[in-house]
Amino acid sequence: MIKIFNEGDNPELSEIIDDIHELLILQCQRYIEFHNTIHITTWNEAHNRMANYSNTAEVSFGFGISNHYYAGNPHRFIIINWDTCSDAEIEPNEYKAIIMHELGHLLNSPDFLVEPDIMYCMKNHVLYNKDSHQQVRISNALNNELYADSYAVLFGYGDSLLTSIEKYNDIYGVIDYYNERVASINNNAQLVGSVKPIVPF
Ligand SMILES: [Zn+2]
């Protein structure tokens with residue numbers, strides 16, 4: 001992972017990233033192949049150029065983007081909100097679980113179903129149905145989280161992921177798909193997805 005923050009300002013995060021790197025570089029073929037394409041930064045460092053992600057960032061511990069324009073090209077990015085994490089007293093293993101989950105979004109992405117939105121229905125001459133559109137949308141969003149969780153579970157971070165989710169709930173209210181996610185983590189569900197492609201605009 002390429003660190004886009006001042007390591008001197010945040011030695012704790014830097015060390016956490018190094019630990020994850022040491023683990024995955026020995027165990028995950030996809031990480032070996034793609035780690036040099038993944039940038040990791042803090043919300044504090046990135047907020048000026050990622051203002052459109054403010055709503056997400058302010059109520060999350062971290063998030064991942066597969067196509068963020070940076071230095072003229074689209075890149076994979078993981079953004080950690082150190083402030084929200086500190087407020088929630090996130091511990092080192094929970095940081096690792098959070099980063100693993102975000103790596104999961106980038107390296108273990110499910111096959112998304114095509115969402116039958118109005119444009120899709122017009123193109124394919126089918127009647128638009130709000131409920132079926134919503135169903136597919138929810139199914140995609142749920143799978144997106146389950147596959148990301150599964151990546152963290154695969155490398156032994158299921159328990160820390162669960163405690164980080166509880167800390168999230170205490171501050172921000174119950175996270176989306178809470179019951180499904182907890183059940184899947186507790187079942188050690190092994191969901192095998194693929195690397196999310198970078199698609200230039
Ligand atoms: Zn997620």
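Atoms within each ligand, like the ligands themselves, are counted from 1 in listed order.
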May I ask you to check whether Asp149 brings an N, O or S atom to under 2.8 Å from the Zn ion (ligand 1)?
->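 Under 2.8 Å: Asp149 has no N, O or S contact with the Zn ion (ligand 1).
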
Around atom OH of Tyr120, are there more than 12 heavy atoms from other residues, nucleotides or ligands closer than 6.0 Å?
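Open.
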
*asked:* Tell me which N, O or S atom from His101 is the closest to the Zn ion (ligand 1).
replied: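 The closest N, O or S atom of His101 to the Zn ion (ligand 1) is NE2.
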
Taking the N/O/S atoms of Glu145 one by one, which is nearest to the Zn ion (ligand 1)?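 Going through the N, O and S atoms of Glu145 one by one, OE1 ends up nearest to the Zn ion (ligand 1).
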
**Study point:** Cationic N near anionic O, under 4.0 Å, Lys167 to Glu94
**Key:**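 Here Lys167 pairs with Glu94 in a salt bridge, since their nearest N and O are under 4.0 Å apart.
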
Ile17 CD1 to Leu13 CG distance, which is reported to the nearest 0.5 Å:
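Here the rounded value is 4.0 Å.
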
Exercise for review: Could you label the plane-to-plane angle of the Phe77 and Tyr70 rings as parallel, tilted or perpendicular, counting under 30° as parallel and over 60° as perpendicular?
Suggested key: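 Because their plane-to-plane angle is over 60°, the rings of Phe77 and Tyr70 count as perpendicular.
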
